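In what follows, every chain begins at residue 1, and chains take the letters A, B, ... in the order their sequences are listed. What you see is a predicted model; the values in this text were computed from it and never measured.
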There are 2 protein chains.
Amino acid sequence: MTTTSMKDVARAAGVSVGTVSNVLNRPEAVAEETRARVLAAIADLGYVRNDSARQLRAGRSRTVAIVVLDVANPFFTDVVRGAEPLVESAGGVVTVCDSGEDVRRERRHLELLEEQRVLGLLITPVDDSSASWIERLSGHDIPVVLVDRGAGRHPHCSVAVDDVHGGRLAAQHLVERGHRKIAFIGGPASIPQVADRLAGCREVCEESAVELEVFATPGLNFQAGREAVEQMLGSEDRPTAVFCANDLVALGALQGLTMHGVKVPQECAIVGYDDIDFAAAAAVPLSSVRQPRAQLGRTAAQLLFDEIAEGRDHTHRNVVFQPELVARASTALEL
Amino acid sequence: MTTTSMKDVARAAGVSVGTVSNVLNRPEAVAEETRARVLAAIADLGYVRNDSARQLRAGRSRTVAIVVLDVANPFFTDVVRGAEPLVESAGGVVTVCDSGEDVRRERRHLELLEEQRVLGLLITPVDDSSASWIERLSGHDIPVVLVDRGAGRHPHCSVAVDDVHGGRLAAQHLVERGHRKIAFIGGPASIPQVADRLAGCREVCEESAVELEVFATPGLNFQAGREAVEQMLGSEDRPTAVFCANDLVALGALQGLTMHGVKVPQECAIVGYDDIDFAAAAAVPLSSVRQPRAQLGRTAAQLLFDEIAEGRDHTHRNVVFQPELVARASTALEL
DNA sequence: ACCCAGTCATGAAACGATTCAAAAACACGG
DNA sequence: CCGTGTTTTTGAATCGTTTCATGACTGGGT
């Protein structure tokens with residue numbers, strides 16, 4: 001029961017393997033009658049193309065890899081959703097890899113993807129230490145587009161949202177609401193998005209002489225938010241508002257606060273980041289900094305294919321989107 | 001700047017390609033000194049193995065594919081998370097494919113996966129029409145494990161949760177709370193999980209002479225829940241409780257009701273299904289039927305590797321878990 | 001009859017790794 | 001220095017496609 005190959009099909013149809021290949025790849029180049037005979041043989045034997053052999057010959061796979069920080073975060077699934085249609089309409093396949101905010105996992109994925117000779121890579125790097133690895137891939141002719149990563153002086157295309165500005169928006173909103181002491185929850189600080197959002201927040205706090213307390217978390221998830229809040233509630237003179245590095249953290253914080261009987265927003269306001277669908281459906285609908293998630297994915301894919309098409313004489317482009325604040329109940333002044 | 005191959009490494013190190021291969025695959029079989037020389041050459045040239053060639057020779061890839069109904073649904077990401085460690089510790093790689101509840105997309109993925117000669121397949125089929133395609137894969141020696149799919153008389157291993165029982169639990173809970181007219185929201189009915197949950201619910205309603213109204217949706221997401229509720233609010237003599245086919249639908253329904261000023265649970269109770277993390281954090285914490293998601297994934301992967309190991313003389317196993325109801329505010333009797 | 005232009009089909013040469021029988025290199029006791 | 005046994009290395013065959021130069025055949029046009 002060994003898998004049937006083109007050779008078997010060829011024999012069954014009484015033609016050469018070259019002809020079978022042609023039937024599959026340029027059907028118009030083979031005579032009607034022969035084609036029918038070959039197709040019949042294919043159906044008959046239940047023949048299935050061997051992609052490894054195909055790729056080996058082609059030297060390149062049709063796979064576009066997307067490496068994200070956390071597949072369980074709706075922000076990233078939305079980005080992926082945005083990229084998929086474009087990739088597929090270009091005849092590609094998308095594979096999603098989850099680094100889980102872990103550099104070692106990310107590295108493992110990159111090694112594998114390089115061995116697979118992927119067509120291209122969209123990646124949200126865990127932190128700056130990833131740079132050398134990413135360089136390596138693009139040095140080996142695998143085009144890379146950075147997603148949600150600052151328009152730094154990286155030698156790559158990138159799409160990003162201005163996170164410093166996003167941080168400012170959140171902080172300004174809270175300051176306008178009269179808060180004089182704000183907590184920032186998120187981490188680890190090595191994640192660029194976290195650092196930028198905090199930086200923006202800090203700028204505004206300093207400009208407005210508002211006190212800022214930072215609660216670092218080990219990751220950007222539900223759990224982390226809940227735990228950070230526990231810690232915050234322990235301290236005396238506690239902040240009257242928190243700005244969370246993303247919505248998952250914010251939802252965790254919200255739940256933590258509620259469990260401890262702290263009323264949101266009366267006793268503590270919350271602003272999240274990303275504006276995922278769940279934010280609006282939360283126990284207290286969350287104010288959040290919205291990013292154009294699907295568009296981020298779509299644009300990234302577009303840049304990738306542009307780079308592939310332009311080949312050698314391609315100049316990298318860095319697209320930056322502006323975030324906007326969506327105010328909801330979690331920062332309302334009164335009910 | 002063509003990619004460097006083993007031949008290049010061999011030349012640089014002054015050995016044959018066979019030796020280079022040995023250094024990579026059975027280092028103990030090659031002399032210390034030679035090995036060092038080869039490794040140096042590899043590092044020097046920045047050589048990267050070509051996985052296509054490897055697979056072609058091996059006849060099989062190391063990839064385990066997981067085909068899910070909706071990657072954006074935390075239920076499935078949790079299942080994937082459960083399966084991953086086991087697969088990776090067995091030297092495999094996981095690739096996640098999203099069928100989006102669409103048979104055509106699912107089919108496209110299956111075709112591709114077969115061409116890729118994947119090591120094995122974990123799949124939650126969209127509906128029964130997928131059966132013949134799945135049969136085809138396993139006929140071609142690709143082991144398949146059905147996930148979250150009834151212990152029917154399929155010729156495969158499977159892991160599942162008793163959805164009929166889950167439906168009963170939900171309905172019983174609502175009946176106990178005194179509801180006499182219940183709505184079921186979910187669809188399409190062709191999805192087995194939906195059908196089973198509805199069946200269980202219907203059984204209980206008939207036993208207790210409780211009226212049941214079904215609102216069919218085109219999919220199992222947020223959006224669908226919100227729209228179904230709009231429709232429900234239109235009808236007179238409206239149900240006092242809804243049972244949603246999953247938590248995403250339930251969260252949508254909750255938002256829809258809230259937007260129309262209907263108080264949950266006083267004017268309308270809600271029970272969801274899956275007990276995803278967001279359920280507990282919802283505007284009104286959701287009562288939900290909990291499934292052991294991670295364990296589902298872990299067990300599925302285990303069954304897959306068992307089947308691979310046992311080879312020819314393998315007998316399929318069907319593991320069924322029991323769901324449990326978690327009661328929260330969305331079905332509370334009073335506040 | 002002859003040539004030319006199309007159409008189609010062929011078969012061998014890649015692609016890059018793994019495997020394995022056989023050769024080479026080495027060690028060591030006699 | 002030989003024979004024997006062990007450790008290393010070699011080189012060719014193989015996996016299943018795609019590609020492309022070459023050749024076979026057809027049907028006009030002159």
Side-chain angles (χ1 to χ4, degrees), chain A residues 1-39 41-42 45-62 91 111-112 114-119 140-141, chain B residues 1-39 41-42 45-62 91 111-112 114-119 140-141:
Chain A
M1 212 300 169
T2 57
T3 44
T4 66
S5 76
M6 274 184 111
K7 216 169 353 179
D8 303 313
V9 175
R11 188 168 336 119
V15 297
S16 72
V17 294
T19 301
V20 178
S21 175
N22 280 336
V23 169
L24 260 27
N25 301 310
R26 312 127 82 209
E28 75 286 356
V30 45
E32 171 86 31
E33 193 258 344
T34 326
R35 192 187 337 153
R37 200 145 35 92
V38 171
L39 288 175
I42 287 179
L45 302 179
Y47 164 75
V48 178
R49 253 200 184 83
N50 183 323
D51 204 45
S52 313
R54 226 147 107 76
Q55 281 181 202
L56 171 57
R57 189 75 231 281
R60 202 70 314 144
S61 87
R62 291 167 299 155
E111 286 177 276
L112 235 41
E114 189 173 8
E115 290 187 2
Q116 288 167 186
R117 304 288 193 271
V118 290
L119 184 58
H140 283 8
D141 279 339
Chain B
M1 211 298 169
T2 57
T3 45
T4 67
S5 76
M6 273 185 116
K7 213 164 3 175
D8 303 312
V9 174
R11 189 167 335 119
V15 297
S16 73
V17 293
T19 300
V20 178
S21 174
N22 280 335
V23 169
L24 259 29
N25 301 311
R26 312 125 84 209
E28 74 287 355
V30 47
E32 171 87 30
E33 193 258 345
T34 325
R35 193 186 336 153
R37 199 147 34 91
V38 171
L39 287 175
I42 287 179
L45 302 179
Y47 165 74
V48 178
R49 251 201 185 82
N50 182 323
D51 205 44
S52 314
R54 228 146 105 75
Q55 283 181 201
L56 172 57
R57 188 76 231 280
R60 244 323 39 118
S61 86
R62 291 168 299 155
E111 285 178 75
L112 236 40
E114 189 174 7
E115 291 187 1
Q116 287 167 186
R117 303 288 192 271
V118 291
L119 184 57
H140 283 7
D141 280 336

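Between A:Val30 and A:Arg35, the shortest heavy-atom contact is O-NH2, 3.6 Å. In terms of heavy-atom proximity, A:Tyr47 sits nearest to A:Thr4 at CD1-O, 3.3 Å. A:Met6 and A:Val17 make their closest contact through CE-O, 3.8 Å (heavy atoms, listed as atom of the first residue, atom of the second, distance). Nearest heavy atoms, A:Gln55 versus B:Ser52: NE2-OG, 3.1 Å. Considering all non-hydrogen atoms of both residues, A:Arg117 and B:Val48 come closest at NH2-O, 2.9 Å.
With C:dA17, D:dT8, D:dT10 as the candidates, the nucleotide lying closest to the side chain of B:Tyr47 is C:dA17. Side-chain atoms of B:Thr34 lie closest to D:dT8 of the nucleotides C:dT10, D:dT18, D:dT8. Taking every side-chain heavy atom of A:Met6 into account, D:dT18 is the closest of C:dA17, D:dG11, D:dT18.
Both A:Arg37 and B:Thr4 sit near DNA chain C, but only A:Arg37 has its closest nucleotide nearer the 5' end. Projected onto DNA chain C by closest heavy-atom contact, A:Glu32 and B:Ser5 fall at different nucleotides, the more 5' of which corresponds to A:Glu32. For B:Ala53 and B:Gly14, each mapped to the nucleotide of DNA chain D holding its nearest heavy atom, the one lying further toward the 5' end belongs to B:Gly14.
If you take CG of A:Leu56 and C1' of D:dT19, they are 13 Å apart, rounded to a whole angstrom. Whole-Å rounding puts the B:Asp51 CG to C:dT18 C1' distance at 13 Å. If you measure from atom CD of A:Glu28 to atom P of C:dG6, you get 17 Å, rounded to the nearest angstrom. Spacing between atom CG of B:Asn22 and atom P of C:dT18 amounts to 9 Å, rounded to whole angstrom units. Across the protein-nucleic acid pair, A:Arg60 atom CZ and D:dT17 atom C1' stand 18 Å apart, rounded to whole Å. To the nearest angstrom, P of D:dG16 lies 17 Å from CD of B:Gln116. For B:Arg117 and C:dA17, the CZ to P distance is 21 Å, given to the nearest whole Å. The nearest whole Å value for the distance from the CD atom in A:Glu33 to the P atom in C:dA9 is 8 Å.
Between C:dA17 and B:Asn50, no contact under 4.0 Å exists linking OP1 or OP2 to a side-chain N or O. Put simply, A:Ser21 has no side-chain N or O that comes within less than 4.0 Å of OP1 or OP2 on D:dT19. Applying the 4.0 Å criterion to OP1 and OP2 of C:dT10, one finds that A:Thr19 has a side-chain N or O inside that range. A close approach under 4.0 Å does occur between a side-chain nitrogen or oxygen of A:Arg49 and OP1 or OP2 of D:dT18.
Heavy atoms of B:Val20 sit nowhere under 4.0 angstrom from any nucleic acid atom. Within the nucleic acid shown, B:Asn25 comes within 4.0 Å of sugar-phosphate atoms alone, with no base atom in reach, counting heavy atoms only. B:Arg57 comes within contact range of at least one nucleobase, with a heavy-atom separation under 4.0 Å.
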*Given B:Asp51 and B:Arg62, is the salt bridge (Lys or Arg N to Asp or Glu O under 4.0 Å) satisfied, shown in steps?*
CA-CA 10 Å; B:Asp51 205 44; B:Arg62 291 168 299 155; 3.1 Å; yes
